[in-house]
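Reckoned from all heavy atoms, side chains included, excluding hydrogens, waters and symmetry mates.
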Amino acid sequence: MPSFEILLVVLLGAIAWFWLDSLKVREAAIDAARTACTVDGLMLLDDTVAVSHMAFARKENGRLTLKRTYDFEYSDTGDNRRKGSVMLVGRHVVLLNVGSREPPVVPTLH
């Protein structure tokens, strides 16, 4: 086989691996967002996440991997949309943000 064909096969294999790995990481992000929304009594809208940032990072053992950040939308009342995000290093969730809720207004009694 000429070197161009070998390079093409290796490149296609790397693209296929990246695509399959991204699908698995995306499923982990959806599960994390769904669980966080369920625990907090929120509704995960559209039941999906969208990648917003991707960069290289090091795991705890020093190995190089991808750090991906996914955005999602949730609702606390059913009439609004709020943004949340989940960050994964490899396939492990390292940060989950479902936004900040405003504290309830307590009337002052003076």
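- A single hydrophobic cluster is not seen to contain both Leu44 and Val39; linkage of ILVMFWY side chains at heavy-atom distances under 4.5 Å, directly or through other members, places them apart.
- The side-chain heavy atoms of Ile30 and Tyr70, taken from C-beta on, include no pair separated by under 4.5 Å.
- Among all heavy-atom pairs drawn from Ala29 and Val86, the shortest one is CB-CG1, 3.7 Å.
- Salt bridge present: Arg82 and Asp76 bring a charged side-chain N and a carboxylate O closer than 4.0 Å.
- In this structure, the salt bridge (Lys or Arg N to Asp or Glu O under 4.0 Å) partners of Arg81, at least two apart in sequence or on a different chain, are Asp46, Glu73.
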Counting only pairs under 3.5 Å, give me each side-chain donor-acceptor contact of residues 51-63, with atom names and distances, residues two or more places apart or in other chains.
residue, atom, partner, partner atom, Å
Ser52, OG, Thr69, O, 3.2
Arg58, NH1, Gly62, O, 2.9
Asn61, OD1, Arg63, N, 3.1

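- In terms of hydrophobic clustering, with Ile, Leu, Val, Met, Phe, Trp and Tyr side chains grouped at heavy-atom distances under 4.5 Å, Leu45 and Phe72 are assigned to different clusters.
- Across all non-hydrogen atoms, the minimal contact from Ala36 to Leu96 is CB-CD2, 3.1 Å.
- Asp71 and Ser85 share no side-chain donor-acceptor pair at under 3.5 Å.
- In terms of hydrophobic clustering, with Ile, Leu, Val, Met, Phe, Trp and Tyr side chains grouped at heavy-atom distances under 4.5 Å, Val93 and Leu42 are assigned to a common cluster.
- In this structure the side chain of Asp40 never reaches within 4.5 angstrom of the side chain of Tyr74, judged on heavy atoms.
- For residues 22-35, every residue pair satisfying the salt bridge (Lys or Arg N to Asp or Glu O under 4.0 Å) rule, not counting sequence neighbours, is listed here: Asp31-Arg34, Arg34-Asp47.
- Scored by the salt bridge (Lys or Arg N to Asp or Glu O under 4.0 Å) test, Arg91 finds Asp21 as partners (sequence neighbours excluded).
- Taking a 4.5 Å side-chain heavy-atom cut-off between Ile, Leu, Val, Met, Phe, Trp and Tyr, the cluster of Val94 extends to Met87, Val89, Leu95.
- Residues Trp19, Leu23 make up the rest of the hydrophobic cluster containing Leu20, defined by ILVMFWY side-chain heavy atoms closer than 4.5 Å, directly or through other members.
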